[in-house]
Enquirer: 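Structure in structure tokens, see below.
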Amino acid sequence: MNKITDKNSYLDSIKNRNLKIYLMGELIKEPLDHPIIRPSVEAMAETYELAVREPELASATSPYTGEKINRFLHIAESNEDLFLQNKMQRKLGQLTGTCFQRCVGMDAFNALHSVTFEIDEKHNTEYHKNFINFLTEMHKYNLVIGGAMTDVKGDRSKLPHEQEDEDVYLRIVKRTEDGVYVKGAKAHQTGCINSHWMVVMPTLRLSDKDTDYAIVGAIPVDAEGITYIYGRQSCDTRSMEPGEYDVGNKYFAGQEAMVIFDNVFIPNEYIFMNGEYEFASMLVERFTTYHRRSYVCKSGVGDVLIGAAATIAEYNGVEEASHIKDKLVEMNKLNETIYATGIASSLQGSSTKSGNFINDDLLANVCKQHVTKETYEIGRIAQDLAGGLVGSMPSGIDFNEGTMSEDLKKYLKGKKDINSEDRVKILRLIENMTLGRNAVAYLTESLHGAGSPQAQRVQIRRRVDIEEKKDFAKKLSGIIEREK
Ligand code: SF4
Ligand code: FE
């Protein structure tokens, strides 16, 4: 294999693989050729494209190979590195209007750097060395890594070893001298089919009875025993309709799949945790700390939706109305709140024991909490500005080719000099982002990705020192004495 340097070499690298993928009952031979899957491949490819166009933003130098690599593979060595990750994510959100799928691997890598180091420190193991060797290999070829964390979970009130079906959390089913075999399933895995490797990780705090579930390891996505079942997105079959008139976003979409592991082998050299159950919560916490501020990606996607809302206001001839201007201000305020809390978290990072940098946990959780709400409010205002047509437009075939085409173009016209086709296109984009395919990326993923809303509230409560705040109040009110 040659090093991937751009979009085309990336596309070549994932062609002709023997992945077992099911979509609507069909075994997919070549995902790149499938009209529903292809837009997600294009979104991932954009991460390579940006590194060519803006190397300062989207690439970095590998400390292991000394060569240029994609920033998504880079271990953060400073707060500036963490901030640049966010800048790149916002940019890619603006360019694709969807989930470009590559941050999970980046955040998993950064978490594993410090966690493997700390496991070794306690247990005299060699996971950090294994991990750095693996990372070096990834850097050498500039590959895409997916992070596979979310188990299917079964009964949420029970720990893995208490479940009736013991496979609802990924677990080790066999140990040999050379490695381990794992079984289980990971749900809604972002970009897995567009990756080269994935790293499996536990999804929650484990107990001493869960040692078989305490497994972290790297697996090539085409390993024997893996099956992918492609996740459907609202309106995804529009990509299969003639003319693709109604897709909204002409180029890009996200990707999630269920991954089933049936006795998949992980050799010793690709294992980064094996039974050290007490480190599972540290790994989950560090991963989510990185990942929750990675959700500034949604401020980039929000930029697109704000642009679409402003455009439809212009096409409808109402852009000068004061309440429209005010709604656009509100959308921007909400969107910048997401970005501001994310970059504040990055800029207040600190060094770990292994020497890489981790962003601030409290602010990362505040960022993600905003993402779970503000995107929906921005989406609501976008639909407000779009008007009811966003939910009732005739099909693209009727509009462009059908018997009534000329009538529809006449009656769907807005402002003079703006043609009806453009008005319909921008409405379709708003539909795509708030009701259609990319509403999965902009809304549902904003709600549940990197942990559902309550998970952030729990973490915010843990991180805030309420006693200290009470102390401030008590001093100023004279309940307790101020020190001089
Ligand atoms: Fe990256 Fe955002 Fe997609 Fe997560 S949702 S992988 S942070 S683009
Ligand atoms: Fe995600």
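Counting convention: from 1, in listed order, for ligands and their atoms alike.
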Enquirer: Between D33 and R38, is the closest basic N to carboxylate O distance under 4.0 Å?
Expert: no

Enquirer: Within ligand 1, which atoms have a heavy atom of K298 less than 4.0 Å away?
Expert: 2 (Fe), 5 (S)

Enquirer: Considering the heavy atoms of C99, write down every atom of ligand 1 situated less than 4.0 Å from one of them.
Expert: 3 (Fe), 5 (S), 6 (S), 8 (S)

Enquirer: If I take every N, O or S atom of C297, is at least one of them less than 2.8 Å from atom 3 (Fe) of ligand 1?
Expert: no

Enquirer: What atoms in ligand 1 come closer than 4.0 Å to a heavy atom of S294?
Expert: 7 (S)

Enquirer: Kindly indicate whether the side chain of S452, heavy atoms from C-beta on, has any atom under 4.5 Å from the side chain of Q454.
Expert: no

Enquirer: At a 4.0 Å threshold, what atoms of ligand 1 neighbour a non-hydrogen atom of H291?
Expert: 4 (Fe), 7 (S)

Enquirer: Evaluate the side-chain proximity of T311 to D422: yes if any heavy-atom separation is below 4.5 Å, no if none is.
Expert: no

Enquirer: Does K3 form a side-chain contact (heavy atoms from CB on, under 4.5 Å) with K140? I'd like the steps, not just the answer.
Expert: CA-CA 7 Å; K3 183 175 176 182; K140 197 163 152 205; over 6 Å; no

Enquirer: Below 4.5 Å, heavy atoms only, C-beta onward: do E244 and R238 meet side chain to side chain?
Expert: no

